[in-house]
Number of protein chains: 2
Amino acid sequence: MPKCIQNSLSDQVYTMLKDQILSGQLKGGMKIPEESLAEQFGVSRTPIREAIRRLAEYGLVTIKPRSHAVVSIISPQEADDIAKVRVSLEQLAIDSIDEESYAEHVKELSRYAADCQYAMGIGDRATVFEQDSLFHLALVKASRNSALISICERLDAKIQQLRIAQNLPEDELSYYLGQHAQMMSMLKNGEKEACKHMLYEHITHDLTSHLDKDNA
Amino acid sequence: MPKCIQNSLSDQVYTMLKDQILSGQLKGGMKIPEESLAEQFGVSRTPIREAIRRLAEYGLVTIKPRSHAVVSIISPQEADDIAKVRVSLEQLAIDSIDEESYAEHVKELSRYAADCQYAMGIGDRATVFEQDSLFHLALVKASRNSALISICERLDAKIQQLRIAQNLPEDELSYYLGQHAQMMSMLKNGEKEACKHMLYEHITHDLTSHLDKDNA
DNA sequence: GCATTGTGTACTGTATACAATATTGATACC
DNA sequence: GGTATCAATATTGTATACAGTACACAATGC
């Protein structure tokens with residue numbers, strides 16, 4: 001059972017549903033009727049509705065008005081689109097980081113990168129993806145741009161869903177993780193432009209293509 | 001009374017509340033208790049709650065758990081942050097536009113720009129802001145990047161709220177509107193980089209500073 | 001066989017009721 | 001006079017009930 005920091009039932013249900021979607025337990029296209037979820041969680045339909053609606057704002061579920069909600073399906077086109085946006089946003093983050101604090105941030109990033117590598121070593125993909133998300137979010141947070149951070153956190157949910165659906169081959173994922181170290185070293189040396197270009201390769205390679213027809 | 005395309009009460013209330021906030025009728029910091037809104041709109045609290053929660057996802061209202069919701073206040077720092085993100089996203093849009101369709105898109109853009117100028121002429125600021133939003137959204141839509149479009153539409157709500165709060169002096173607003181024509185001409189001539197740079201000036205100048213202490 | 005209509009079911013959308021918590025104002029105390 | 005305490009009130013959070021709509025599937029006609 002996942003951790004639930006907040007105490008309203010709405011929040012708890014939201015967190016649990018999100019986890020179920022991002023872990024692949026609830027797959028793209030699956031119906032999620034309010035009543036059966038209410039039974040499953042042992043609460044009334046009200047907090048379920050609020051959770052579903054919040055998930056819909058994040059694009060994780062799609063609500064068909066007066067009918068039912070389903071877990072969203074990500075098209076290959078959408079994956080490409082998200083990759084392009086992510087490159088822009090994270091490049092902005094790199095540009096925004098105060099040069100004096102490069103070392104400090106690299107230190108934090110390296111922790112996440114190490115956790116990624118470790119999880120990769122023991123074949124724990126879920127943790128790889130989780131720590132990779134934290135790596136990228138840490139990069140974004142280093143910008144101290146609140147609007148940027150909030151957009152990237154929102155986008156991250158969609159990216160995690162995409163990750164689960166695409167099922168990247170092991171060798172590619174491994175190659176991809178190696179780029180973390182390269183980017184960090186560039187950042188530490190103040191090679192901002194090189195780092196931004198590597199980020200472009202990194203994200204484009206990771207998120208584009210490799211997507212099943214219907215996220216099943 | 002604003003137009004309400006969708007038919008659920010939730011959607012109608014959402015649209016009306018959003019309009020009231022973006023028109024400045026509901027100012028930053030004002031409490032919005034569910035029950036009084038329910039009376040005002042003649043519906044139960046349920047659709048009101050859903051509308052408020054949606055507005056919270058867009059950052060237009062802030063929910064204090066178990067207490068009340070208030071119309072969000074935008075800090076000058078937040079305005080700067082939003083401006084930076086907007087520049088990145090719209091520059092990506094420009095980069096994504098298919099070069100063969102420049103002329104076609106410029107044609108659409110010029111309509112919005114003209115409406116802006118006309119509204120400015122008769123001193124109708126609300127319409128100026130509305131049409132300016134449509135101008136920028138049209139630019140974004142020309143990219144055909146669905147993720148980009150959805151993020152920019154979301155951000156637009158916040159930008160409109162910012163516009164109302166900042167109360168830009170007339171001469172600056174006028175100067176700002178003039179840049180639309182310049183950008184369009186650059187785009188038509190395929191001067192992408194120049195256009196992107198002008199966009200940077202345009203947005204930075206428009207959204208930064210000029211903000212009252214507490215959006216009152 | 002295929003399209004079309006009708007009926008029943010499942011599910012959502014909204015209203016209402018109640019429980020739980022934050023806020024406000026008054027009162028007592030230092 | 002200022003601060004702390006407590007009760008009354010206002011407001012949210014959740015459960016439940018009911019109305020209305022969409023969908024699936026059977027029945028009918030061609």
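Chain identifiers are assigned alphabetically (A, B, ...) following the order of the sequence lines, protein sequences preceding nucleic acid strands; residue numbering begins at 1 within each chain. None of these values were measured; they are calculated from a predicted model.
Between the C1' atom of C:dT12 and the NZ atom of A:K31 lies a distance of 12 Å, rounded to the nearest Å. At whole-Å resolution of the value, CZ in B:R66 and P in C:dA20 are 11 Å apart. A straight line from CD of A:E35 to P of C:dG13 spans 14 Å, rounded to a whole angstrom. In this structure, the CD1 atom of A:I63 is 16 Å from the P atom of C:dC11, given to the nearest Å.
Between B:I32 and A:K64, the residue anchored closer to the 5' end of DNA chain D is B:I32, taking for each the nucleotide with the nearest heavy atom.
Within residues 38-51 of chain A, the residues that place at least one heavy atom under 4.0 Å from DNA chain D are, in residue-number order, A:V43, A:S44, A:R45, A:T46, A:P47.
Proximity of A:I73 to A:E78: side-chain heavy atoms (C-beta onward) are nowhere separated by under 4.5 Å. Looking at A:Q161 and A:V71, their side chains come closer than 4.5 Å, going by heavy atoms from C-beta outward.
At a cut-off of 3.5 Å, with distance as the only test, no side-chain donor of A:S96 or A:N145 sits close to an acceptor on the other residue. Neither side chain, A:S88 nor B:S88, offers a donor N or O lying under 3.5 Å from an acceptor on the other. A donor-acceptor pair shorter than 3.5 Å cannot be found between the side chains of A:D95 and A:Q91. In the model, B:D171 has no side-chain atom that pairs as donor or acceptor with a side-chain atom of B:S174 under 3.5 Å.
With sequence neighbours left out, the ring-ring contact (aromatic ring centres under 6.0 Å, His included) criterion links A:Y176 to A:H180, A:H202.
Other residues, nucleotides and ligands place more than 12 heavy atoms under 6.0 Å from the CZ atom of B:F41. Atom CZ of B:R125 sits in a crowded spot, with more than 12 heavy atoms from other residues, nucleotides or ligands closer than 6.0 Å.
The ring-ring contact (aromatic ring centres under 6.0 Å, His included) pairs that include a residue from residues 73-132 of chain B number zero, where partners must be two or more places apart or lie in different chains. For the salt bridge (Lys or Arg N to Asp or Glu O under 4.0 Å) condition, the pairs that include at least one residue of residues 28-43 of chain B, sequence neighbours left out, are B:E34-B:R45, B:E34-B:R49.
Comparing the helix axis at one end of the helix from C:dG1-D:dC30 to C:dC30-D:dG1 with that at the other, each defined from 5 consecutive pairs, gives an inter-axis angle of 20° (nearest 10°).
Read 5' to 3', the first and last nucleotides of DNA chain D with an atom closer than 4.0 Å to a heavy atom of chain A are D:dT14 to D:dC23.
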